[in-house]
Amino acid sequence: MTAPATPTEQSRAPSPRAAAAPPARRRFSRYRIERRTLGVLRWIVIACFLIVTLLPFYYMVLLSLKPIESLLRNPASLIVTPAEFTLRAYQQVLAPVSAGGQGFGTFLANSAFVAVSAVILSLIVAIPGAYAIARLPFFGHRQVNALFLAAYLFPAIVMAIPLFVLFTRIGLRGSLVGLVLVYIAQTVPVAIYMLRNYLETVPVSVEEAGLVDGLSRLGVLRRISLPLVLPSIMATGLFIFMIAWNEFLFALLFLVERRDSWTVSLGLSQLSGSAEIPTTVLMAGSVVLTLPILLLFFSTERLLTGGLTAGAEKG
Amino acid sequence: MPAETPARRRIRRRTLSQRDARTGFLLMSPTLLIVLAVVVLPLLWSVLIAFQELRLLEIGTASPFQSLTLENFERVLDSGELWTSLGITLVYTTGSVLLSITLGLIAAMAVRKPFRGRTFVRAAFLLPYVAPVVAVTFVWRTMLSPQFGIVNEAGQSLLGWAQPIPFLSEAQRTLEILGASFPVPTALLTAIAFEGWRYFPFAFLFLMARLEAISSETEEAALVDGASPLQSFRYILLPQLLPVIALLAILRTIWTFNEFDDIFLLTGGAAGTGVASVRVYEFLTVQRNVGAASAQSLVLSLVLILMLALYLFLMRKRGERL
């Protein structure tokens with residue numbers, strides 16, 4: 001597109017009209033060339049990005065729907081023919097071990113338990129905390145804030161060793177409850193950060209009206225602020241769910257020895273090392289692991305992206 | 001009587017704010033307690049462990065207050081492996097951060113103007129970031145597999161590769177470009193590409209939010225003055241995006257420098273991708289030396305704390321409360 005555009009612009013340059021105001025004309029032509037090039041380039045870029053982001057997910061679904069033999073026979077195929085279409089991989093991966101499957105049904109239940117408990121408990125703890133930070137001037141306000149930020153930014157691998165030792169000592173390693181506790185600590189700081197931004201959008205005057213009418217602070221929080229920011233609380237809950245559902249390192253350190261309490265993430269990573277399980281079956285496992293997150297994400301995309309970047313607009 | 005009213009009111013007001021302060025602290029305390037118990041206390045403990053001799057078998061029984069030693073640090077610092085792994089981590093971090101932010105910037109600029117299907121495109125761009133890491137690393141491993149991976153199949157049939165490239169298990173290969181040959185760390189580059197893929201949505205999200213908040217007036221003025229789109233990007237948009245880019249760079253550096261999941265799941269730390277965090281894990285599970293693992297993670301934390309201080313400093317400079 002660029003190549004044909006350039007000569008046209010140049011051939012126009014020596015015309016009498018252009019000679020009247022050469023600098024302006026030249027700048028105008030550079031503007032046109034760039035505009036046209038970028039206009040086309042933009043679509044190419046979008047297409048490339050779409051292919052690169054979506055292809056792995058398409059490939060995941062694709063392999064989960066065909067038998068391993070047809071993958072090995074024709075690895076380059078990007079479609080499922082009706083003849084080879086099968087849901088056997090899903091049956092195999094979900095069936096319990098006793099029935100010759102991989103037991104992902106149990107893993108799903110474990111993951112759901114851990115993630116849902118983390119969401120509920122984390123919100124119960126974080127909502128009052130976020131309200132306190134947003135509205136109430138208590139002693140050590142700034143320090144607590146800095147502490148949470150640091151806790152949020154501190155990476156898991158640094159925390160992993162002491163928690164591994166600590167949980168072994170108090171006998172919580174190997175239990176899903178211990179994992180839930182770790183997930184609460186991992187998600188509370190970010191939940192507070194998100195919730196605080198939301199709670200601050202409630203006008204102070206509305207809360208004061210409640211106080212004047214005789215509500216306590218807790219009453220204000222429960223009857224006025226929470227109903228106003230309910231969608232945002234859902235967004236925060238979903239975000240916590242995603243973190244807990246996707247988490248891998250702590251699940252690995254805490255639960256690896258006990259297959260019946262594996263989460264889906266841990267199960268997939270442990271089984272993908274074994275040569276006996278066909279790739280197609282594991283792909284079905286990947287779909288099972290990814291699907292809940294993608295469904296949640298697509299149903300709440302607006303809500304989530306708004307909350308995550310709440311601090312970024314200030315520049 | 002009238003003289004009493006202001007005094008009483010003053011008392012009232014003070015008690016209200018005092019009450020608020022007390023409620024605030026009460027509301028805060030469960031969170032504080034959990035963060036102290038499951039984040040701060042363990043961190044302090046890990047400092048202690050780093051100075052003790054502790055084996056994996058003894059963690060249930062050993063006293064937390066046994067004698068201190070510097071042996072772990074000697075062990076961690078002495079071996080050349082630390083510097084190798086820190087070097088790898090540095091290359092990995094720099095490459096991943098640069099790549100993910102550049103890709104995020106390109107993507108954000110591409111979808112800046114409204115078009116049909118923009119919402120779908122934006123959501124699709126975020127997929128790599130929200131999908132579970134175990135699933136996406138598994139798909140990447142399968143796609144890059146030398147036996148039946150689609151990438152090697154396509155490379156051999158479309159691009160004419162003589163033989164499949166073991167992207168994730170080959171430490172180094174020699175590339176010949178225009179007669180000159182370069183050594184290329186295959187697996188490390190693949191891991192960096194993966195990081196770029198997985199984390200460009202993060203940069204994309206933040207940059208898009210910033211772009212939407214930028215007023216179009218300056219750009220329109222520049223347009224009237226005859227600025228081309230590239231000039232307007234270079235001299236008007238980019239300067240306004242720089243603070244966000246700096247923030248992104250620091251956040252991504254903090255997280256990538258300590259990234260464990262991605263590398264562990266992609267290569268297991270083999271083939272020249274043994275970043276420092278994987279070494280922590282190896283100390284813990286393979287060598288079963290908890291003390292050394294702790295010492296290694298402490299060395300990592302130091303780098304992290306430096307970055308964290310920089311981050312807080314930048315936030316403060318932006319005039320943001322913590």
Side-chain angles (χ1 to χ4, degrees), chain A residues 27 30-31 34-35 38 42 45-46 49-50 53-54 56 59-60 71-72 75-76 125 128-129 131-132 136-138 142 145-146 149 151 153 155 157-159 161-163 165-166 168-169 184-185 188 217 246 248-249 265 268-269 272 279 286 289-290 293 297-298 301 305 308-309 312-313 315, chain B residues 20-21 23-25 27-28 30-31 34-35 38-39 42 45-46 59-60 106-107 110 121 123-125 127-128 130-136 138-139 142-143 148 150 153 157 205-206 209-210 213 226 228-230 243-244 254-255 258 260-261 265 277 280 284 290 293-294 297 300-301 308 322:
Chain A
R27 239 184 278 132
R30 173 174 170 182
Y31 172 81
E34 277 188 15
R35 218 185 122 90
L38 289 174
R42 177 164 157 247
V45 166
I46 291 177
F49 267 95
L50 272 182
T53 48
L54 292 180
Y59 190 69
M60 187 194 290
L71 168 67
L72 295 177
V125 170
Y131 183 77
L136 303 174
F138 61 93
R142 284 174 58 89
N145 246 331
L149 187 68
L153 295 178
I157 187 74
V158 179
M159 234 94 80
I161 293 155
L163 283 177
V165 177
L166 180 74
T168 310
R169 287 192 79 101
I184 295 174
V188 154
R217 270 291 173 186
N246 292 352
F248 168 66
L249 174 61
S265 278
L268 181 62
S269 75
S272 66
T279 306
S286 304
L289 170 62
T290 313
I293 290 297
F297 174 70
F298 271 107
E301 191 250 340
T305 51
L308 285 181
T309 55
E313 292 94 37
Chain B
D20 267 359
T23 322
F25 198 76
L27 293 179
M28 196 68 249
T31 323
I34 288 196
V35 171
V38 192
V39 178
W45 196 3
S46 95
I59 57 175
I106 294 173
V121 169
F125 282 6
L127 283 187
V130 296
V133 60
V134 179
V136 291
F138 180 63
V139 174
T142 313
M143 290 178 78
F148 49 80
I150 185 94
E153 281 300 320
S157 57
L205 208 59
F206 275 72
R210 184 72 190 101
S228 76
L230 281 181
V244 183
I254 290 175
W255 280 323
N258 296 276
F260 170 80
D261 298 1
L265 289 165
S277 59
V280 175
L284 184 68
V290 185
S294 219
S297 80
L300 269 183
S301 311
L308 213 58
L322 286 175

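This structure is a prediction, so every number in the text was calculated from the model and none was measured. Labels below follow one simple rule: chain letters A, B, ... track the order of the sequence lines, proteins then strands, and each chain is numbered from 1.
Residue B:Val139 touches chain A through both its backbone and its side chain, counting heavy-atom pairs closer than 4.5 Å. For B:Leu230, the parts lying under 4.5 angstrom from a heavy atom of chain A are both the backbone and the side chain. Using a 4.5 Å cut-off between heavy atoms, A:Tyr131 contacts chain B through its side chain alone, with no backbone atom that close. In this structure, chain B has a heavy atom under 4.5 Å from the side chain of A:Leu54, while its backbone stays farther away. Only the side chain of A:Ile293 comes within less than 4.5 Å of a heavy atom of chain B; its backbone N, CA, C and O stay farther away. Interface residue A:Leu50: backbone and side-chain heavy atoms are both found under 4.5 Å from chain B.
Taking B:Ser277, B:Ser294, B:Ala124, B:Ala110 one by one and counting their heavy-atom pairs under 4.5 Å with chain A, the maximum is reached by B:Ala110. Ranked by non-hydrogen atom pairs under 4.5 Å with chain B, the options A:Val125, A:Thr290, A:Ile157 are led by A:Ile157. Listed options A:Pro56, A:Ser272, A:Ala132 were ranked by heavy-atom pairs under 4.5 angstrom with chain B; first place goes to A:Pro56. For the options B:Ile254, B:Ile34, B:Asp261, heavy-atom pairs under 4.5 Å to chain A are most numerous at B:Asp261. Most heavy-atom pairs under 4.5 Å with chain B: of the set A:Leu268, A:Val45, A:Val188, this distinction falls to A:Leu268.
Under the 30°/60° scheme for interplanar angles, the aromatic rings of A:Phe248 and B:Phe260 are found to lie parallel.
At least one side-chain heavy atom of A:Phe49 sits under 4.5 Å from a side-chain heavy atom of B:Ile106. A:Thr279 is listed as a side-chain neighbour of B:Phe148, based on a closest heavy-atom distance under 4.5 Å.
A donor-acceptor pair under 3.5 Å links the side-chain atoms of A:Asn246 to the main chain of B:Val130, judged by distance alone.
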